[in-house]
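A short worksheet on the structure shown next.
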Number of protein chains: 2
Amino acid sequence: MARTSGSYSELTEPRIRAEATRLFAQKGYASVSMREIAQAVGVQAGALYNYTADKQTLLFSLLETHMHDLLAHCPDFRNDETPVMHLEAFVRFHIEFHIARRDAVFLSYMELRNLTQENFAKIEHLRQTYEGKLRDILERGRVDQSFEVQDAKVASFAIIGMLKEMATWYRPEGPLSHVEISSLYWAMVKNMVRGGRDADRI
Amino acid sequence: MARTSGSYSELTEPRIRAEATRLFAQKGYASVSMREIAQAVGVQAGALYNYTADKQTLLFSLLETHMHDLLAHCPDFRNDETPVMHLEAFVRFHIEFHIARRDAVFLSYMELRNLTQENFAKIEHLRQTYEGKLRDILERGRVDQSFEVQDAKVASFAIIGMLKEMATWYRPEGPLSHVEISSLYWAMVKNMVRGGRDADRI
DNA sequence: GTCTATAGTTGGATAGAC
DNA sequence: GTCTATCCAACTATAGAC
């Protein structure tokens with residue numbers, strides 16, 4: 001479909017980002033050509049270069065925006081909250097965000113190795129900032145003995161892993177609502193870190 | 001390094017498989033060229049085609065062999081064992097296997113989408129057979145109430161996810177032995193599915 | 001079984017018209 | 001801002017000599 005000059009210009013950039021996110025998530029960065037992205041958007045390949053210096057920069061920009069959004073929306077924790085309350089807020093936020101932005105989340109897990117060394121370092125720093133929040137919660141709970149956690153770092157990896165897996169199997173049309181999923185996962189995480197503590201109290 | 005005809009023939013095939021596994025795991029299937037594999041092996045690119053019909057078949061063969069090995073070594077469960085014993089055996093086997101074959105495991109998680117539809121279906125079937133074993137253990141424990149699990153399917157995904165994540169962070173030179181890792185993970189999985197049950201008994 | 005050489009294709013990126 | 005046309009590099013896979 002031929003386009004007259006500039007007729008859709010303010011729509012093109014977000015569409016490029018949306019289609020690139022979708023295609024990279026579906027087929028992998030290295031398997032998607034610039035021509036393929038252009039076709040999904042409805043422009044010619046050369047037009048993409050009005051919006052990105054090159055393919056690598058496009059990937060980096062998608063990941064960077066995603067990580068910044070993740071950190072910006074991540075709940076801050078107040079001092080009057082217990083580690084258990086912190087952890088529940090983190091888990092529920094994480095799941096909601098992952099359901100709402102499945103493709104971007106999937107990208108940020110799968111395509112790190114296709115970043116240049118320099119770009120990787122920047123994204124990795126953001127990722128560690130985010131995952132560090134979880135580790136800090138677990139470490140505080142371990143120290144004040146509200147959690148039964150042997151190794152906060154390994155536990156944080158385990159929790160990240162089990163939540164990450166959701167991005168693989170979750171489908172919006174599936175039988176479980178996001179509230180149900182959130183509660184299922186919170187129950188599992190709570191059991192994992194609380195050991196028998198809740199049972200003692202009831 | 002030039003080679004005289006046939007001098008290393010019986011070594012070439014396993015070396016191709018080993019280098020391809022390593023490179024695919026490190027950089028991704030689509031980002032690794034046949035030339036690069038050949039160079040790592042120490043032959044010219046054309047020589048690879050004595051051992052594989054094409055690049056896709058090489059990937060499929062690596063994944064298929066890995067999945068068959070996984071299923072072949074997976075412990076069978078005896079009727080006189082409890083769900084808790086089953087689950088511990090499964091978790092410890094899974095971790096040992098993942099530590100021993102890190103690259104192949106990583107490949108089998110990351111490169112499914114680079115298989116043709118037909119090849120994907122075969123690998124996916126093997127994967128579901130393996131993960132079904134875990135789901136069956138959890139479902140039996142849920143029914144006989146030795147586990148406090150709301151949804152065996154979601155719980156199996158969660159456990160697979162947390163164990164899978166280990167392949168991302170584990171390094172042989174790290175501070176934790178595989179026995180320590182195995183015990184850390186088993187403690188977390190047991191807490192997760194047992195809720196307060198162990199605390200009641202002690 | 002491996003080599004050299006290459007056919008045939010595809011991809012990233014750019015130039016210049018409009 | 002987009003299009004058309006194209007350059008050049010890299011890739012898969014094959015052919016034929018040894």
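Chain identifiers are assigned alphabetically (A, B, ...) following the order of the sequence lines, protein sequences preceding nucleic acid strands; residue numbering begins at 1 within each chain. Values in this document were obtained by computation on a predicted structure and should not be read as measured data.
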- Item | Phosphate OP1/OP2 of C/dG1 contacted by B/T12 side-chain N/O (<4.0 Å) | no
- Looking at B/Y51, does any N or O in its side chain come under 4.0 Å of the phosphate oxygens OP1/OP2 on C/dT2? yes
- Message: Below the 4.0 Å mark, does D/dT4 have OP1 or OP2 next to a side-chain nitrogen or oxygen of A/Q44?
- Response: yes
- Item | Gap separating the OG atom of A/S156 from the CD atom of A/E139, nearest 0.5 angstrom | 10.0 Å
- Query: Do we get B/K164 above B/Y109's six-membered ring, with its NZ or CZ under 6.0 Å from the centre and within 45° of the axis?
  - Reply: yes
- Nucleotide C/dG16, atom P - distance to CG of A/N50 in whole Å: 16 Å
- Message: Between the side chains of B/E131 and B/R127, is the shortest nitrogen-to-carboxylate-oxygen separation below 4.0 Å, so that they form an ion pair?
- Response: yes
- Task: Please round to the nearest 0.5 Å and tell me the distance separating atom CZ of B/F90 and atom CG of B/L163.
- Result: 8.0 Å
- Message: Check this for me: does any side-chain nitrogen of one of B/R113 and A/E111 sit under 4.0 Å from a carboxylate oxygen of the other?
- Response: yes
- Item | salt_bridge(B/K122, B/E64) N-O dist < 4.0 Å | no
- Between D/dA15 atom C1' and B/L48 atom CG, what is the distance in whole Å? 16 Å
- Query: When you check every protein heavy atom under 4.0 Å of nucleotides 8-13 of chain D, what one-letter string (B, S, -) results, 5' to 3'?
  - Reply: ---BBB
